[in-house]
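All residue numbers refer to positions in the sequence shown, counting from 1.
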Amino acid sequence: MKQPVKFADAFLFGFRAMRWRPMHAGIYIAVVTILYFLFYAWAGSESGQAFYQGYFESNLALQNQQYDQIGLEIPLLFLVSSLAHVLIVAGAVRLLVRRDTSPYWPLQMGGDELRTLGLMVAIVLILVAALIVGMLGISLVLVVLGAVLSVVAGSQGGVVLASVLGVIGGIVLLVAMLVLVGRLWVSIPLSIIRRRFSMGGWEASKGDGWTLLGAHIAIYAIILGMALLSLPSLMAAATDPSLAEDPAAMAQMVARPLGALTWVLTPINVALMVVLAGPTAAVAWNASQAQDDIADVF
């Protein structure tokens, strides 16, 4: 019988996996870090700067509705970055839940990656549909309550109360979406464990929704703390309105996104990617253990 995953187990699963499999984790972190460094080197080159300057110019054209000036940089970057994200996520999850994976091939292109890509697309579509339904539901409730409150509390009081309820409804919807994405995301490690496409994350994470939410919030707090180390460069970008209108300056930031600490923080951020995959991997591992799929996991 499946037992709920404890918060500590979900939060620490990624950390423990790197301790259990130091060679796997070390090679994964090294390979992904080197790829990031190569990307930064290219982004700082003449061709990289030209590409990203064109990308940010296309973004400005899109914002200004100048559609005839939008180049191919936006769809090309979206495609390449999405595929890279799939490889990195699948590699991190495989490190966490697949016992027989080779440490020397942390990034691959095979069944795990195809299943991860398919599940990501499916999860995004489900989230979009759920968001639309949730927003329509909240809007309908607010319209009805607004009319009732206007009669009971007067026109001005009804508007104020409806606004307060709208904020509360928005917070509830946000929390519900976060719980939903956490539970659905369990499908990815579950599919890698079982070596077959599975949307069983919702069922496998029954009773673990709040644990997943709490563990992810705690890990994101760590990631935010690391981001604060690069606060000067990030704050300069955030507080300079003219920077967003300067494609050349934005392109230069891509080559060193974390300022002077880019080379130090990059491997730490890669390790945190593994940690971030830990909570859903812990829930999938727990569910597989209960279903006698333990042959494929620790």
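- Considering every non-hydrogen atom in both P247 and L60, the closest pair reads CG-CD1, 3.8 Å.
- Counted within 6.0 Å of CH2 on W263, heavy atoms from surrounding residues, nucleotides or ligands total more than 12; the atom is thus considered enclosed.
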Practice problem: Determine, stepwise, if the pair M18 / V275 fulfils side-chain contact (heavy atoms from CB on, under 4.5 Å). | Solution: CA-CA 9 Å; M18 288 191 287; V275 173; 3.6 Å; yes
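- Of the possible polar contacts, none joining the S205 side chain to the D208 backbone as a donor-acceptor pair under 3.5 Å is found.
- At a threshold of 4.5 Å between non-hydrogen side-chain atoms, the residues T211 and P4 do not count as touching.
- By the 6.0 Å contact criterion, CZ on F37 is enclosed, its count of non-hydrogen atoms from other residues, nucleotides or ligands being greater than 12.
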Exercise. Carefully, step by step, assess L95 and V274 under the rule side-chain contact (heavy atoms from CB on, under 4.5 Å).
Key: CA-CA 8 Å; L95 182 159; V274 178; 4.3 Å; yes
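- Aromatic ring orientation, F51 versus W42: tilted (interplanar angle from 30° to 60°).
- Ring orientation note: the planes of W285 and F13 are tilted relative to one another, at an angle of 30° to 60°.
- L212 places none of its side-chain heavy atoms less than 4.5 Å from the side chain of V5.
- Note that CG of L83 and CZ of F78 are 9.5 Å apart. Values are rounded to the nearest 0.5 Å.
- Closest non-hydrogen pair, A130 versus L180, comes out as CB-CD2, 3.7 Å.
- Without hydrogens or angle criteria, Q49 side chain to A43 main chain gives a donor-acceptor distance under 3.5 Å.
- The shortest heavy-atom contact between A255 and Y40 is O-CB, 3.5 Å.
- Looking at L35 and L107, their side chains come closer than 4.5 Å, going by heavy atoms from C-beta outward.
- Between the side chain of R256 and the main chain of G44, no donor-acceptor pair closer than 3.5 Å is present.
- Under a hydrophobic clustering in which Ile, Leu, Val, Met, Phe, Trp and Tyr are joined whenever their side-chain heavy atoms come within less than 4.5 Å, directly or via other members, V86 and V124 fall into different clusters.
- With contacts defined as side-chain heavy-atom distances shorter than 4.5 Å, the pair V254/M250 does not qualify.
- Around the CE atom of M177, the shell of radius 6.0 Å holds more than 12 heavy atoms that belong to other residues, nucleotides or ligands.
- Counting only heavy atoms from C-beta outward, the side chains of V186 and W202 never approach each other to under 4.5 Å.
- In the hydrophobic clustering of this structure, M109 does not group with V89; members are Ile, Leu, Val, Met, Phe, Trp, Tyr whose side-chain heavy atoms approach within less than 4.5 Å, directly or through other members.
- Between the side chain of H24 and the backbone N or O of T101 there is at least one donor-acceptor pair closer than 3.5 Å.
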Practice problem: Give the intermediate values and the outcome of side-chain contact (heavy atoms from CB on, under 4.5 Å) for residues Q69 and N64. | Solution: CA-CA 10 Å; Q69 299 181 25; N64 297 325; over 6 Å; no
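- The cluster map of Ile, Leu, Val, Met, Phe, Trp and Tyr, joined by side-chain heavy atoms under 4.5 Å apart, puts V121 and L114 in different clusters.
- Side-chain atoms of D112 do not come within 3.5 Å of backbone N or O of A90 as any donor-acceptor pair.
- Under a cut-off of 6.0 angstrom, the local environment of CG in L72 is sparse, with at most 12 non-hydrogen atoms contributed by other residues, nucleotides or ligands.
- For the atom pair N59 CG and I74 CD1, the distance stands at 4.5 Å (nearest 0.5 Å).
- To the nearest 0.5 Å, the span separating CG on L272 from CD1 on I29 amounts to 9.0 Å.
- With contacts defined as side-chain heavy-atom distances shorter than 4.5 Å, the pair E113/L87 qualifies.
- Counting heavy atoms from C-beta on, the side chains of E73 and E57 never come closer than 4.5 Å.
- The distance from atom CZ of R94 to atom CD1 of I188, rounded to the nearest 0.5 Å, is 12.5 Å.
- Atom OH of residue Y36 and atom CG of residue L265 lie 13.0 Å apart, to the nearest 0.5 angstrom.
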Self-check item: Stepwise side-chain contact (heavy atoms from CB on, under 4.5 Å) check, Y55 with L76
Solution: CA-CA 9 Å; Y55 169 77; L76 183 59; over 6 Å; no
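- Residues F11 and I222 meet the side-chain proximity criterion, which asks for heavy atoms closer than 4.5 Å.
- L178 and V128 sit in two unconnected hydrophobic clusters of ILVMFWY residues. Membership requires side-chain heavy atoms under 4.5 Å apart, directly or through other members.
- Among all heavy-atom pairs drawn from L119 and S191, the shortest one is CD1-OG, 3.2 Å.
- In this structure, I192 is a member of the same hydrophobic cluster as L184, with clusters built from ILVMFWY side-chain heavy atoms closer than 4.5 Å.
- Across every non-hydrogen atom of R21 and R99, the tightest pair is NH2-O, 3.0 Å.
- The NE2 atom of H85 sits 10.5 Å away from the CG atom of L117 when rounded to the nearest 0.5 Å.
- Closest approach of P279 and A215 over heavy atoms only: CG-CB, 3.8 Å.
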